[in-house]
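Shown next, in structure tokens, is the structure this report addresses.
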Amino acid sequence: MPLKKLPLSFYRRDDVVQIARELIGMILVTRWDGMTTSGRIVETEAYAGVTDKASHSYGGRRTGRTEIMYADGGYSYVYLCYGIHHLFNVVTHRRNTPHAILLRSLEPLAGIPEMLVRTGKKKLDHTLTRGPGNMAKALGIVKDQTGILLNGKQMFLADDGFRYKKSEIIASPRIGVDYAGEDALLPYRFYVKGNPYVSGKV
DNA sequence: GAGTAGATCCTCT
DNA sequence: GAGGATCTACTCA
């Protein structure tokens, strides 16, 4: 089955956790610098807007950085963390409901040589796109790519018909959000069981 | 193998 | 002026 771009209606639904689960197995494509790179998503985390302490938009916080989260679903939200890592998110739901999904890891498909150049690695191994910082780097994603509509030419998510078995998709608490108190325990993270590209303990 | 520090900079207080 | 949705390398055992 050929690649089919996900329609904007896919992102503009109410249940961000459900969308995060459905994104597992989809393909992320970026196309810039004259190179196409892509990979199959194997790890995501949902951030449920104003009610989620771990979210940047918790309590309705609205700043220059988080403004894009309040837009309609289907936009990219990239931001810099720890001064080094760019983290790529997909905005979901509709205007004024700031939900987002962090894409944490994917399995490289196309453009692997380009990914190796971008990350400075010598050969392909599971650390190439493991974890959100590495993944963004391998795909050439930087925070300037915030606000791109994900059904365009530069960057999009697609479905090639592949599906993991339901039993292969695991829900667990999110990573690196200990500061969020009880919300850090919510099972908003999804990953493919046993996949070497998944960050954290498998 | 486990634990920890350092990198490094944008954003909000 | 502080801290973060992280990663790597280095120390110590």
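The structure presented is a predicted model; accordingly, all values stated were derived computationally and were not measured. Within every chain, numbering begins at 1; the chains are lettered A, B, ... in the order of the sequence lines, protein sequences first and strands thereafter.
- Under a 4.0 Å N-O distance rule, the pair A:Asp125/A:Arg130 does not qualify as a salt bridge.
- In this model, the phosphate group of B:dC10 is not approached by any side-chain N or O of A:Tyr79 to a distance below 4.0 Å at OP1 or OP2.
- A close approach under 4.0 Å does occur between a side-chain nitrogen or oxygen of A:His56 and OP1 or OP2 of C:dA5.
- Distance from the side chain of A:Leu80 is smallest to B:dC9 among C:dA5, B:dT8, B:dC9.
- Between A:Arg189 and C:dA5 there is no side-chain N or O to OP1 or OP2 distance below 4.0 Å.
- Under the stacking criterion of a centre-to-centre distance below 5.5 angstrom and an interplanar angle below 30°, A:Tyr179 is not stacked against the six-membered ring of C:dG4.
- As rounded to the nearest Å, C:dA5 and B:dG3 have C1' atoms that lie 22 Å from one another.
- Of the nucleotides present, C:dG3 is the one that pairs with B:dC10 by Watson-Crick or G-U wobble criteria, both distances under 3.5 Å.
- In this structure, A:Leu87 places its CG atom 8 Å from P of C:dC7, rounding to the nearest Å.
- Using a 4.0 Å heavy-atom distance criterion, A:Arg174 is classed as making no nucleic acid contact.
- Both the sub-6.0 Å distance and the 45° axial angle are not jointly satisfied by A:Arg65 relative to the ring of A:Tyr77.
- A salt bridge links A:Arg163 with A:Asp159: the closest approach of a Lys/Arg side-chain nitrogen to an acidic carboxylate oxygen falls below 4.0 angstrom.
- Between the CG atom of A:Asp178 and the P atom of C:dT6 there is a distance of 10 Å, given to the nearest Å.
- Counting to the nearest Å, the C1' atom of B:dC9 and the OH atom of A:Tyr82 are 13 Å from each other.
- If you measure from atom CD1 of A:Ile175 to atom C1' of C:dG4, you get 16 Å, rounded to the nearest angstrom.
- Nearest-nucleotide assignment on DNA chain B puts the 5′-proximal partner with A:His85, out of A:Lys143 and A:His85.
- Panel note: side chain A:Arg118, backbone A:Ala138; a donor-acceptor pair is recorded below 3.5 Å.
- For the pair A:Phe190 CZ and C:dA5 P, the interatomic distance rounds to 20 Å; values are reported in whole Å.
- Atom OH in A:Tyr58 sits about 19 Å away from atom P in C:dG3, given to the nearest Å.
- With A:Asn195 contributing its side chain and A:Val42 its backbone, the two residues share no donor-acceptor pair below 3.5 Å.
- The NZ-C1' distance, from A:Lys137 to C:dC7, rounds to 9 Å in whole Å.
- Rounded to whole Å, the distance from OH on A:Tyr191 to P on C:dA5 is 21 Å.
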